[in-house]
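Letters go in sequence order (proteins before strands), and every chain restarts at 1. None of the values given here were measured: they were computed from a predicted structure. Just so you know, these numbers use all the heavy atoms, side chains as well, and skip hydrogens, waters and symmetry mates.
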Amino acid sequence: MDKTSPQDVLLTAAECAARTGISVRTLRVYEANGLLSPVRSQKNWRLYSSGDIARLNEILSLKQLGLSLSAIAEILEGRMTDVGHLLDIQKTILTARQEQAERGLRLVAQLQSKSLAGEGLSMGDLLDLAKETKMNEAADEYAWKRYDQARPRTEIEPDRDNLQACAGEYRFEDGIAIRITSTGNGLRGELLGQPEFDLFAEAPDRFFLKVTPAQFTFSRDEEGEVEGLVLHQGGFEMKAEKCAEGVFAATKADLEDRIRNKTPFAGGEQKLRRLIGEHREGKPDYVEMTPVLKALVEEQLPVVVKELERLGPMRSIEFRGVGVDGFDIYIVEFENGRMEWGMSQCPDETLNGLFMRPVP
DNA sequence: CTTCTGACA
DNA sequence: TGTCAGTA
């Protein structure tokens with residue numbers, strides 16, 4: 001079906017913008033995101049047909065829902081397989097925004113009454129207000145990433161040369177190494193202390209796991225050489241840069257040494273004591289944790305606090321050894337029972353793993 | 001005078 | 001998303 005008919009009037013960008021109440025810049029952005037594709041004149045000017053205008057109206061309507069341009073693109077191209085899920089996400093985001101706005105309004109009202117009462121406003125009052133908005137923006141972004149990472153993927157035929165280009169060793173910002181190898185018709189990933197996993201192509205430089213909702217995007221430098229990757233998982237994006245061949249093997253050998261010799265992380269026990277104490281208080285120190293671990297710890301905190309309360313005061317703490325995944329394992333005795341705690345840290349000493357479970 | 005691209009805020 | 005530079 002041709003979207004332009006012979007008697008169609010074609011509008012220039014400025015005319016189209018005036019008629020739809022958006023800017024020319026915005027029209028170009030939509031086009032860059034694949035939402036619009038106006039024809040071009042001989043002078044390379046954009047010309048918008050009635051079909052383009054209709055599509056623009058659809059875009060504007062979908063934007064009312066607060067959808068991102070990429071989500072709108074998926075819907076318009078019919079690639080969106082799970083609109084129901086999308087709407088769920090959208091609902092939670094909008095509800096969160098609504099709650100945030102209500103909190104903001106209450107704060108403003110408080111501040112106004114305070115200033116009416118002649119008490120004067122402190123910098124701290126205003127900072128509270130500002131902080132709140134920012135936190136919500138972050139929450140929105142997190143929800144979107146989680147959504148995008150969890151949505152179903154479509155596998156495509158991978159490009160052989162590309163697989164070779166992506167193969168190599170990479171190191172995350174916290175020092176953790178990962179090895180990517182080509183299997184000929186896909187990629188295989190290896191993270192220290194974890195079972196190997198297969199990666200399937202969904203775009204030339206983007207691969208996904210089938211066993212868990214996570215994806216890898218490979219990035220290239222100006223010369224087109226693969227220079228790094230991004231792991232998308234659990235609402236986070238973790239960047240890794242390509243590193244020298246052999247780094248992975250070296251860290252693997254280190255881990256095997258640690259396991260064989262039962263070598264705990266330096267200062268691990270003190271750190272764990274502190275962490276347990278902080279958990280008991282219900283406020284662990286997140287500063288020395290990776291963002292991913294922080295999210296995990298926050299999530300399980302209520303349960304842990306309850307458990308620690310039940311167990312009573314701590315009696316002793318004993319290092320047991322290093323697990324295959326590189327976790328230092330400790331047995332912690334409490335007045336009313338015992339727990340196993342595992343702790344793992346990155347080369348830069350930030351904590352990247354923490355688990356705890358009751359043991360008989 | 002207008003649009004285009006690309007960069008930057 | 002606005003704006004600016006340098007073009008065509």
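Within a heavy-atom distance below 4.0 Å of DNA chain C, the residues of residues 53-64 of chain A found are K63(A).
With rounding to whole Å, I22(A) atom CD1 is found 8 Å from dT1(C) atom P. Between the CG atom of N44(A) and the P atom of dT3(B) there is a distance of 13 Å, rounded to whole Å. For the pair E31(A) CD and dT1(C) P, the interatomic distance rounds to 15 Å; values are reported in whole Å. Following rounding to the nearest Å, R40(A) (CZ) and dA8(C) (P) show an atom-to-atom distance of 17 Å. Taking atom CG of residue L10(A) and atom C1' of nucleotide dT2(B), one finds them 17 Å apart after rounding to whole Å. In this structure, the CZ atom of R46(A) is 17 Å from the P atom of dT2(B), given to the nearest Å.
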Margin query: Output the pairing pattern of DNA chain C as a dot-bracket string, 5' first, Watson-Crick or G-U wobble with both distances under 3.5 Å, | for cross-strand pairs, [ ] for crossing pairs.
Written below: ||||||.|
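Taking the charged nitrogens against the carboxylate oxygens, R274(A) and E278(A) do have a contact shorter than 4.0 Å, which makes a salt bridge. For the pair E169(A) and K252(A), the salt-bridge criterion is not met [side-chain N within less than 4.0 Å of a carboxylate O]. A salt bridge links R320(A) to E318(A): one of the charged nitrogens lies within less than 4.0 Å of a carboxylate oxygen. No salt bridge links D52(A) with R55(A); every basic N to acidic carboxylate O contact stays at or beyond 4.0 Å. Checked for salt-bridge contact, R310(A) and E307(A) meet the test: a charged N lies under 4.0 Å from a carboxylate O.
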Could you list the protein-to-nucleotides 2-5 of chain C atom pairs, N/O on both sides, closer than 3.5 Å?
from: dG2(C); atom 1: OP2; to: S23(A); atom 2: OG; distance (Å): 2.6
from: dG2(C); atom 1: N7; to: R25(A); atom 2: NE; distance (Å): 3.0
from: dG2(C); atom 1: O6; to: R25(A); atom 2: NE; distance (Å): 3.1
from: dG2(C); atom 1: O6; to: R25(A); atom 2: NH2; distance (Å): 2.8
from: dT3(C); atom 1: O4; to: R25(A); atom 2: NE; distance (Å): 3.4

Next item on the list: Might you work through the salt bridge (Lys or Arg N to Asp or Glu O under 4.0 Å) test for R338(A) and E333(A), ending with a clear yes or no?
Entry: CA-CA 4 Å; R338(A) 61 213 300 240; E333(A) 299 272 359; 3.2 Å; yes
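No side-chain heavy atom of E227(A) sits under 4.5 Å from any side-chain heavy atom of K242(A). Counting only heavy atoms from C-beta outward, the side chains of L311(A) and V332(A) never approach each other to under 4.5 Å. The side-chain heavy atoms of R46(A) and L36(A), taken from C-beta on, include no pair separated by under 4.5 Å.
Taking only side-chain atoms of A14(A), from C-beta outward, the nucleotide of dT1(C), dT5(B), dT3(B) with the closest atom is dT3(B).
Between Q215(A) and the choices R206(A), E237(A), Q233(A), the side chain to side chain contact (heavy atoms under 4.5 Å, CB included) rule is met once, by R206(A).
The cationic atom of K210(A) (NZ for Lys, CZ for Arg) lies less than 6.0 Å from the six-membered ring centre of F200(A) and within 45° of the ring axis.
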